[in-house]
Amino acid sequence: MSTTAPQKFEFQTEIKQLLDIVVHSLYTEKEIFVRELVSNASDALEKLRHLQVVEKEIFDDRLDLEINITTDDKAKTITIQDFGVGMTQAELVENLGTIAHSGSKAFLKTLSETGQKNASLIGQFGVGFYSAFMVAKSVKVYSHSWRAAEAGHLWTCDGSGTYEIEECDGQRRGCKIIIELKDECAEFSQEWRITEILRRYSAFVGFPLNLNGKRINTVQALWLRNKNEIKEEEYTEFFKFQAHTTDEPHLRLHFSADAPLAINALLFVPKENPERFGLMRTEPAVALYCRKVLIDARPKDLLPEWLRFLKGVVDSEDLPLNISRETMQDKALVDKLNKVITKRFLKQLEDEARNRPDVYKIFFQQFGLYLKEGAALDYMHKDQLTKLLRFQSSLTAQDELISLTDYVGRMKEGQKEIYYLVGTNREALESGPYVEGFKARGLEVLFCYEAVDAYVFDHVREFEGKKVLAADSAEVKLDPAPTPPGSEPLSEPETKELAQWLKETLGERVADVKSSDRLVDSPALATNADKMMPAHLRRMMKAMKKDGEADEPVRVNFEINPRHCIIQRLAAIRTTTPDRARLVAEQLLDNALIAAGLLDDPSKMVARLNKLLESV
Ligand code: ADP
Ligand code: MG
């Protein structure tokens, strides 16, 4: 029936890679290809339902919006047909031949970033249409677009690097995908097997789903039903269907509101943070509906950026049905939805934190980063988000977390500031010179292990009227520490003289040298003299530098502990063995820089240390 000769096309390189992985994967849950193709069919029908509202002319307009699956165990084929939007020739090339869509892109990126060559991630990402090639010898896609003026086409591929498209008359609207199964995958041409799979994954498809002429599902918009009538399993199944996952959700929020807008929303927090693999950013995935008609599956502005981990559905009767999918013209309305939903979700988190702290803690461990991002960047919700943050501290047990509210509630009398310290882990922070002074005075220090924490506190500078201060900043002023029994600190004039000598000896490397109030067990500490460049920021900048680029020289404020024996001895040998004293001074400074994460080049230090060791 073809009116023109088949035309041969080459897949984009990324698709070739993807196909190669998919075709050769030993991934055991091959059945997810059914889920992927059914969900594409459902997407195509959703799009068509929307077009029916806004377009005058639609090809084959009287067709029912449904999905028909047929199996043929003799021919070893399975066919999935929908009467959705279909694809033109150009769309077949664009959608099936290039990697324009998110799921597969994310999949490939993760494979390359994690260096994994295995396909166990296929199920998590849903490589969409291409998953068919896990089971197929060949795939044929017959399609006719909803645009009446377009011709029908047949797209064919056997999983190698090329595919063919030819014109093809007599097509109904939508897509018909015929999969010729590999011999070892013949089970997917068995009706019982597909019934089982559809029951598992596709119970919530919003359109009639028929297998060999028999209806499989009952269509229902779960989010519009009354909460009290919905079973726990139904929610779970709905989440799995929506989020393309086999995990259960961690949290759920189902609410309806009448004012200021009529809203029915069903939102889920997944179990795991999908960004855990690294740089890959999750795309928003809360779909926007108006009276069960999908307006946009991935609206960008429906929720604030930091809520991009949420899955689910928002349905609002107040949206005009002809709202444009591309531009969402009615920005004000979407903004309003955004506000209402964010408020409800934050309240839910507050309730969880109060009533089910263990559940909240697990949530926070996975998704705390997003809340931190929000606390730093979302001015409108900053205060609420800051209260939801949790930290370890110098006074908590290893796995205990506290809030800033807890911190303020147990501040020492007279304490005016909230202290935090950023470092790689608890041990590093506790063994450094900064915490001891706070410990000795019974002051709590929040422990932060992520660069984003410092970023948060650059934005959250105050909490409940208390200034938030980095424990390693030069601004920290503590009351003088009690002198440990049995030791006699350097006198004030002696300390002053030593400080003066150190300043001359260390020259450019120090901005200021002074006696420290906060040190207890360590001889000295360093704080970055450049106020605009706290240590954590400098570390970040350094990490971003290319090889060979010179480091900005650091200048620090150097604080010495007149109660410490090394400092006392240094004061004594300063005049008797000045060369040796000079080496000790340099080494003390380097040690302090290491603790501060500010030492750029350790090579000089090693030479010096060896020299000091010579006299052993
Ligand atoms: P995704 O669904 O995440 O976009 P897929 O690989 O599943 O990725 O599908 C790629 C694209 O092919 C879809 O975005 C859609 O444009 C198109 N497509 C796939 N199946 C159909 C279908 N049954 N009807 C119309 N378009 C389809
Ligand atoms: Mg898909």
Side-chain angles (χ1 to χ4, degrees), residues 9 11-12 14-19 21-22 32-51 58-60 63 65-69 78-110 121-134 136 139-147 150 152-155 157 159 163 165 171-179 201-202 205-207 209 241-245 274 280 282-285 287 294 296-298 311 325-326:
F9 295 84
F11 280 111
Q12 202 187 17
E14 284 104 320
I15 300 276
K16 281 191 202 162
Q17 280 174 325
L18 185 67
L19 275 175
I21 294 169
V22 170
I32 58 142
F33 86 92
V34 178
R35 173 188 83 190
E36 293 301 320
L37 296 186
V38 168
S39 101
N40 282 353
S42 163
D43 291 350
L45 288 165
E46 299 261 24
K47 287 180 196 157
L48 191 91
R49 186 153 62 182
H50 186 263
L51 287 174
I58 286 185
F59 179 67
D60 242 352
L63 280 178
L65 300 191
E66 62 181 24
I67 303 169
N68 292 303
I69 301 182
I78 172 169
T79 303
I80 293 147
Q81 175 166 39
D82 67 73
F83 299 131
V85 284
M87 287 179 269
T88 63
Q89 157 145 7
E91 284 164 346
L92 282 167
V93 172
E94 165 79 17
N95 297 339
L96 304 186
T98 68
I99 197 149
H101 42 285
S102 53
S104 323
K105 222 184 215 163
F107 171 70
L108 272 182
K109 200 158 173 235
T110 304
L121 297 166
I122 288 179
Q124 284 182 39
F125 284 93
V127 290
F129 174 76
Y130 307 100
S131 60
F133 290 96
M134 290 194 291
V139 176
K140 288 191 169 68
V141 181
Y142 291 92
S143 190
H144 195 297
S145 159
W146 64 274
R147 296 171 201 271
E150 296 282 341
H153 288 93
L154 165 60
W155 179 102
C157 175
Y163 59 94
I165 299 181
Q171 295 311 308
R172 312 301 315 256
R173 185 191 68 227
C175 274
K176 183 166 77 180
I177 302 178
I178 304 180
I179 296 174
Y201 293 116
S202 304
V205 174
F207 300 92
L209 178 60
F241 168 69
Q242 263 272 322
H244 287 225
T245 178
M280 186 188 76
T282 315
E283 295 291 321
L294 180 70
D296 194 339
R298 303 180 157 272
K311 310 277 182 211
R325 293 163 70 98
E326 279 73 35

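Each ligand, and each atom within it, is numbered from 1 in the order the structure gives.
For the pair Arg173 and Leu65, the tightest heavy-atom approach, listed with the atom from each and the gap, is NH2-CD2, 3.7 Å. Shown here for Glu46 and Phe207, the closest heavy-atom pair between the two residues is N-CZ, 3.6 Å. Ile67 approaches Ser42 most closely through the heavy-atom pair CD1-N, 3.9 Å. Summarising the geometry of Glu150 relative to His144, their closest heavy-atom pair is O-NE2, 3.0 Å, with the distance given to 0.1 Å. The shortest heavy-atom contact between Ala132 and Leu37 is CB-CD1, 4.3 Å.
Side chains of Ile32 and Met134 form a contact here, defined as non-hydrogen atoms less than 4.5 Å apart.
Atoms of ligand 1 found under 4.0 Å from any heavy atom of Phe129, numbered from 1 in the order shown, are 5 (P), 6 (O), 7 (O). In summary, the atoms of ligand 1 found under 4.0 Å from a heavy atom of Leu96, numbered by their order in the structure, are 12 (O).
Remark: ligand 1 and Asn95 share an N or O pair separated by less than 3.5 Å (distance only, no angle test). For Val85, no nitrogen or oxygen atom sits less than 3.5 Å from a nitrogen or oxygen atom of ligand 1, counting backbone and side chain alike. Not one N or O of Tyr130 is nearer than 3.5 Å to an N or O of ligand 1, by distance alone.
At a heavy-atom distance under 4.0 Å, no atom of Leu37 approaches ligand 1. Of all the heavy atoms of Asp82, the ones lying under 4.0 Å from any atom of ligand 1 belong exclusively to the side chain.
No side-chain donor from either of Gln171 and His153 sits under 3.5 Å from a side-chain acceptor of the other.
Here the side chain of Tyr130 pairs no donor or acceptor atom with the backbone of Gly159 at under 3.5 angstrom.
Under the side chain to side chain contact (heavy atoms under 4.5 Å, CB included) rule, Tyr142 has a single partner from Thr79, Leu154, Ile177, which is Leu154.
In this structure, of His244, Met87, Glu36, the residue bringing a heavy atom nearest to atom 18 (N) of ligand 1 is Met87.
Using a 30° and 60° split on the angle between ring planes, Phe11 and Tyr163 fall in the tilted class, from 30° to 60°.
Here the protein contributes Asn40 OD1 as N, O or S atoms under 2.8 Å from the Mg ion (ligand 2).
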